[in-house]
Each structure stands twice: as C-alpha cells, then as structure tokens.
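In what follows, a structure is listed as structure tokens, so that the remarks can point back to it.
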Amino acid sequence: MASKSTVILDTNVFVAAGFNPDSTSARVIEEVEAGRLTLVWNEDTRRESKAVVEQISPLSWGRFAELFHEEGRYEGRTHPEDIDYVPDLDDRKFAALARAVDGALITNDEDLLGNREQAKIYIVAPQEFFERR
C-alpha cells in the first residue's frame with residue numbers, strides 16, 4: 001500500500017480548497033502546510049496545477065505556490081503513457097507520479113476515482129483519505 005503521508009494532489013483539490021476553506025480539500029492543504037503531509041510533485045503536475053488555478057478567478061496561485069517545496073520535487077521518469085485506464089490524458093501525469101513515488105493520489109476527479117480498481121496505486125477522495133488514515 002502507498003504511503004499515506006506522501007501525497008500527490010490533483011489540480012481539483014487546489015480549486016476546491018480555494019473556493020471552500022472549510023472543505024476537506026482545504027484540510028488536505030492545511031496538512032501539507034503544517035508538514036504532516038509531504039506534497040510530491042514534478043514539473044508537469046506543478047505546471048498544470050498552476051495553469052488551472054490561474055485561469056479561475058478569484059483563485060490565486062500565490063496561495064498554493066509555497067506548498068511546492070524543493071524536497072518534494074520528483075525528477076525521475078513517470079511514464080504517464082502507461083496509465084491507459086485513465087481516459088483524460090491530463091490526469092495521467094498525476095497517476096503516473098503517484099505510481100513512481102508510491103504516494104497517495106488525492107483527487108475529486110470521477111475518472112480517476114472510477115478507475116482506481118484497475119490502478120496499482122492508492123487513489124482516494126479527500127474525505128476518504130482522512131477516513132482511512
């Protein structure tokens with residue numbers, strides 16, 4: 001089983017947290033800020049998260065940018081092309097990173113959650129993450 005303290009956050013977690021500071025997604029962000037969870041990222045996942053957040057007014061990337069600590073950066077290969085059970089090509093990079101680092105992929109995305117039985121990674125919604133912890 002994946003480490004429950006090493007997490008990969010799908011873009012929609014940042015969006016949900018930005019719109020609802022009382023949401024479970026916001027709680028995930030707070031756990032990363034407090035150092036109780038380690039956010040693992042690579043350039044592809046950071047770039048997509050930033051692009052999406054910056055497109056949505058009134059969200060601000062500045063609120064989340066500081067979560068991407070250098071010690072959480074993953075520079076190895078992830079092979080998103082092998083994650084063919086995820087229909088959205090943009091989502092594959094998050095699943096591939098979770099597989100590469102054996103981390104929990106936290107998401108609100110129904111495509112990812114709906115295909116987790118086929119995945120060999122830990123994919124979980126924010127609420128489930130805290131319930132299973």
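Basis for what follows: all heavy atoms, side chains included, without hydrogens, waters or symmetry-related copies.
The minimum heavy-atom distance between Leu37 and Arg133, with the atom names listed, is CD2-NH2, 3.7 Å. Across His79 and Arg77, no two heavy atoms sit closer than the pair CE1-NH2, 3.1 Å. Here the closest heavy-atom approach between residue Ile8 and residue Ala98 is recorded as CD1-CA, 3.7 Å. Thr78 and Pro80 make their closest contact through OG1-CD, 3.4 Å (heavy atoms, listed as atom of the first residue, atom of the second, distance). In plain terms, the two heavy atoms of Pro58 and Phe19 that are nearest each other are CD-CE2, 3.8 Å. Residues Pro126 and Val13 share a closest heavy-atom pair of CG-CG2, 4.5 Å.
With rounding to the nearest 0.5 angstrom, the CZ atom of Phe64 is 12.0 Å from the CD atom of Glu54. One distance of note links CG of Leu89 with CG of Asp84; it measures 11.0 Å at 0.5 Å rounding. To the nearest 0.5 Å, atoms CZ (Arg116) and OG1 (Thr107) are separated by 10.0 Å. For the atom pair CD1 (Ile29) and CG (Leu9), the distance works out to 5.0 Å, reported to the nearest 0.5 Å. A distance of 10.5 Å separates CD of Glu30 from OG1 of Thr24, quoted to the nearest 0.5 Å. For the atom pair OG of Ser49 and CH2 of Trp61, the computed distance is 5.5 Å after rounding to the nearest 0.5 Å.
Between the side chain of Asn115 and the backbone N or O of Tyr85, at least one donor-acceptor pair lies under 3.5 Å.
Taking the six-membered ring wherever Trp is involved, the centroid distance between the rings of Phe94 and Trp41 does not fall below 6.0 Å.
Taking the side chain as every heavy atom from C-beta outward, Asp82 and Arg92 never approach each other to under 4.5 Å. Contact check for Arg47 versus Lys93: no side-chain heavy atoms found under the 4.5 Å cut-off. Using a 4.5 Å heavy-atom threshold, the side chains of Thr6 and Asp102 count as separate. Counting heavy atoms from C-beta outward, Ile123 and Ile121 have side chains that approach closer than 4.5 Å. Taking the side chain as every heavy atom from C-beta outward, His69 and Leu39 never approach each other to under 4.5 Å. Inter-residue side-chain proximity for Tyr74 and Leu97 is flagged as met; some heavy-atom pair is nearer than 4.5 Å. Taking the side chain as every heavy atom from C-beta outward, Arg73 and Arg46 never approach each other to under 4.5 Å. A heavy-atom distance below 4.5 Å is found between the side chains of Glu128 and Leu113.
When the shell of 6.0 Å around CD of Glu117 is examined, it contains 12 or fewer heavy atoms from other residues, nucleotides or ligands. Other residues, nucleotides and ligands place more than 12 heavy atoms under 6.0 Å from the CD atom of Glu81.
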Apply side chain to side chain contact (heavy atoms under 4.5 Å, CB included) to Leu112 and Asp10, showing your working. CA-CA 10 Å; Leu112 286 166; Asp10 194 359; 3.4 Å; yes
Given the rule in the side chain to side chain contact (heavy atoms under 4.5 Å, CB included) test, do Glu75 and Asn42 qualify, once you have shown the distances and angles that lead to the verdict? CA-CA 6 Å; Glu75 294 185 1; Asn42 62 17; over 6 Å; no
Run the side chain to side chain contact (heavy atoms under 4.5 Å, CB included) check on Ile56 and Val15 step by step: do they pass? CA-CA 8 Å; Ile56 302 172; Val15 172; 3.8 Å; yes
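For the 3.5 Å distance criterion, the side chains of Ser25 and Asn108 qualify, holding a donor opposite an acceptor.
For the pairing with Phe14, the side chain to side chain contact (heavy atoms under 4.5 Å, CB included) check across Leu67, Val28, Leu59, Val52 returns one residue only, Leu67.
One finds no salt bridge joining Glu48 and Lys50 here, because no Lys/Arg side-chain nitrogen approaches an Asp/Glu carboxylate oxygen to under 4.0 Å. Looking at Arg63 and Glu33, a side-chain N of the basic residue comes within less than 4.0 Å of a carboxylate O on the acidic one, giving a salt bridge.
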